[in-house]
Amino acid sequence: MKNFSHDIAPGDGLSRRTVLGGMAGSAFLCALPLAASAKASNVREFSLKAQPGTATILGGKWADTKVWNYSGQTPGPVLRVTQGDRVRIHVENGLDQPTTIHWHGLRIPINMDGVPDISQAPIQPGETFTYEFVVPDAGTFWYHPHVNTSEQIARGLNGILIVEEKSPPTVDREELWVIDDWRLNQDATIQENFGHGMDISHGGRQGNLVTINGKVPDIFSVRSGERIRLRLANVANARLFGLRFEGHEPQVIAIDGHPVLPHVPQNGQLILAPGQRVDIILDCTAKPGTAFKVMDEIYADQAYALIDIAYSKDKPVRTKLLGKIKPLADNPLSEPNLADPNRNKYEVIIDGGAMGSMQGADFKGQYLTINELIKHRRIWAINGVAADTTAMAPMYTVKRGSTNVFSIKNDTVFPHPMHLHGHAFRILSINGQAELYRPWADTVLLPPQGSAKIAFVADNPGDWLFHCHILEHVDGGMLSVIRVR
Ligand code: C2O
Ligand code: CU
């Protein structure tokens, strides 16, 4: 990730400070299901209102920040359901612009996917739209708007949807870190330079302040001997994180919600690109009273401590640590048949951006040179097409039930976390190197000038977006549609 240029380091401008009470005080409320209106026992009903509000991001002498939030919280209320539940969510739009909610990573019907032009008409100011679907997979998922996405997410509209396993793993407790970054002015207001040309053409809107669960992180309190399940989600517009837990060996048990054979990540670094989630098991093996740092080392020359792990002085909760971590039960995903001679093999080429060599691309059905594209604020293309809106012709049309292998090539000098709606795919290889655990994922990180090979069974009919989750890159055209029928 060395050659990924970015302007602002997390420590710039606003210095890290101590938030009294640390993480303990920042645990946000879970939305309580509206039990009275839930008819069947397996129907879980929630209400969310997208609205303007304020958030205490910095606290202390700083003023609250004007944000957009869900039902008064940023990140939004944690929606917690169980695998197989039917979920009904009433979404009211209290903003002065249209919105929708996309349920990122959930394999649900296309008309519930929240994509304008494809799934539904945007929810107009003052209107309510009810989403309803059955959650097929357990795991850590999230929700966010899919209209004016880069601005709406940056202003605080994002939240986590946790689907619990029917028999969850044995841990002492579960924690959630929603990792985000904000681009704030010195008076803690949000910098309103959304859709800045520099951000579109380079690495996206990088913030200058990193938060966990909406606050400046300070201390993560643990007790010796504990086993913690920690759900990590990167909801930032553009920033990547590469976390290393000093003095600990967290094991990855799920990626993008889906179980993976428990393992220590390569180089001990947990990579979280925008949109990605990782579930880990953290065994608190150190002595009472000790302290460690969780480092973000995604940019080696700008490493910083994200948060401190502080052990209480209490005696260990157990003398003998819990044993080997059991893998989670598989989600009901269709296994791609790579031996099938009829499997589809497709090439996807990502091109453009600053310092790129793209000469031009199709835009609204017409070939434009790069200079003409830039006049339309487009600078990225997938297979030679720069997207205008989500109303676009499919890049590929595949048969329902078919196995599809996508060889994706990144001809740009930036990393791109490519996200597919409505499906999970197996990551077969990155830069030609076979992936050890062949994880299921909904977002795959393409290294700068690198490649990835993914495979999935197209078992969900509809027009599904395939786009970069660096949201300013979408603004700049990096979006495509895959039709399953
Ligand atoms: Cu979380 Cu279309 O994205
Ligand atoms: Cu991108």
Side-chain angles (χ1 to χ4, degrees), residues 1 4-6 75-76 99-108 110 112-120 140-150 152-154 157-161 178 180 199-206 233-240 256-257 272-277 348-356 358 378-382 386-387 389-390 392 408-424 441-450 452 462-482:
M1 298 297 152
F4 177 24
S5 79
H6 60 110
T99 193
T100 59
I101 291 188
H102 167 60
W103 311 94
H104 181 124
L106 291 187
R107 299 184 301 126
I108 54 179
I110 187 72
M112 292 292 124
D113 200 45
V115 176
D117 305 315
I118 295 175
S119 310
Q120 66 175 103
T140 307
F141 302 98
W142 67 298
Y143 59 92
H144 63 74
H146 226 295
V147 173
N148 189 17
T149 317
S150 51
Q152 292 192 6
I153 293 186
L157 289 172
N158 54 71
I160 301 296
L161 191 156
V178 186
D180 198 357
D199 297 331
I200 291 177
S201 58
H202 290 71
R205 179 185 169 97
Q206 309 261 331
N234 180 358
V235 303
N237 279 42
R239 181 177 294 279
L240 280 70
D256 287 352
L272 282 152
Q276 293 184 316
R277 293 87 62 214
V348 179
I349 294 173
I350 295 163
D351 208 355
M355 297 162 282
M358 188 169 83
R378 296 299 185 282
I379 190 162
W380 304 97
I382 302 181
T389 65
T390 45
M392 66 188 298
I408 313 165
K409 204 166 163 294
N410 177 7
D411 275 340
T412 83
V413 300
F414 296 92
H416 302 288
M418 299 302 296
H419 170 50
L420 176 63
H421 283 215
H423 295 79
D442 57 54
T443 305
V444 58
L445 179 61
L446 273 105
Q449 278 162 336
D463 279 7
W464 300 104
L465 293 189
F466 181 62
H467 66 82
C468 182
H469 223 287
I470 292 178
L471 303 172
E472 291 70 28
H473 290 178
V474 178
D475 294 340
M478 206 187 295
L479 176 129
S480 60
V481 168
I482 291 158

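Read the numbers this way: they start at 1 and go in the same order the structure lists the ligands and their atoms. In what follows, every heavy atom counts, from backbone to side chain, and hydrogens, waters and symmetry copies are set aside. The model shown is predicted, which means the values in this text are computed figures rather than measured ones.
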Side chain to side chain contact (heavy atoms under 4.5 Å, CB included) against Val474, all qualifying residues, sequence neighbours excluded: His467, Leu479
4.5 Å side-chain heavy-atom contact, Met355 and His202: yes
Distance-only donor-acceptor check, side chains Gln152 and Thr99, under 3.5 Å: yes
Asn237 backbone acceptor or donor facing Arg239 side chain under 3.5 Å: no
Polar protein atoms (N, O or S) that approach the Cu ion (ligand 2) to under 2.8 Å: His416 ND1, Cys468 SG, His473 ND1
Polar side-chain atom of Arg378 near backbone of Ala387 as donor-acceptor pair, under 3.5 Å: yes
Heavy-atom check, side chain of Thr443 versus side chain of His104, under 4.5 Å: yes
Distance-only donor-acceptor check, side chains His102 and Asp113, under 3.5 Å: yes
Which residues share a side chain to side chain contact (heavy atoms under 4.5 Å, CB included) with Thr149, sequence neighbours left out: His144, His146, Ile153, Leu471
For atom 2 (Cu) of ligand 1, every protein N/O/S atom that sits closer than 2.8 Å, waters excluded: His146 NE2, His421 NE2, His467 NE2
Trp142 ring center near His469 ring center (under 6.0 Å): yes
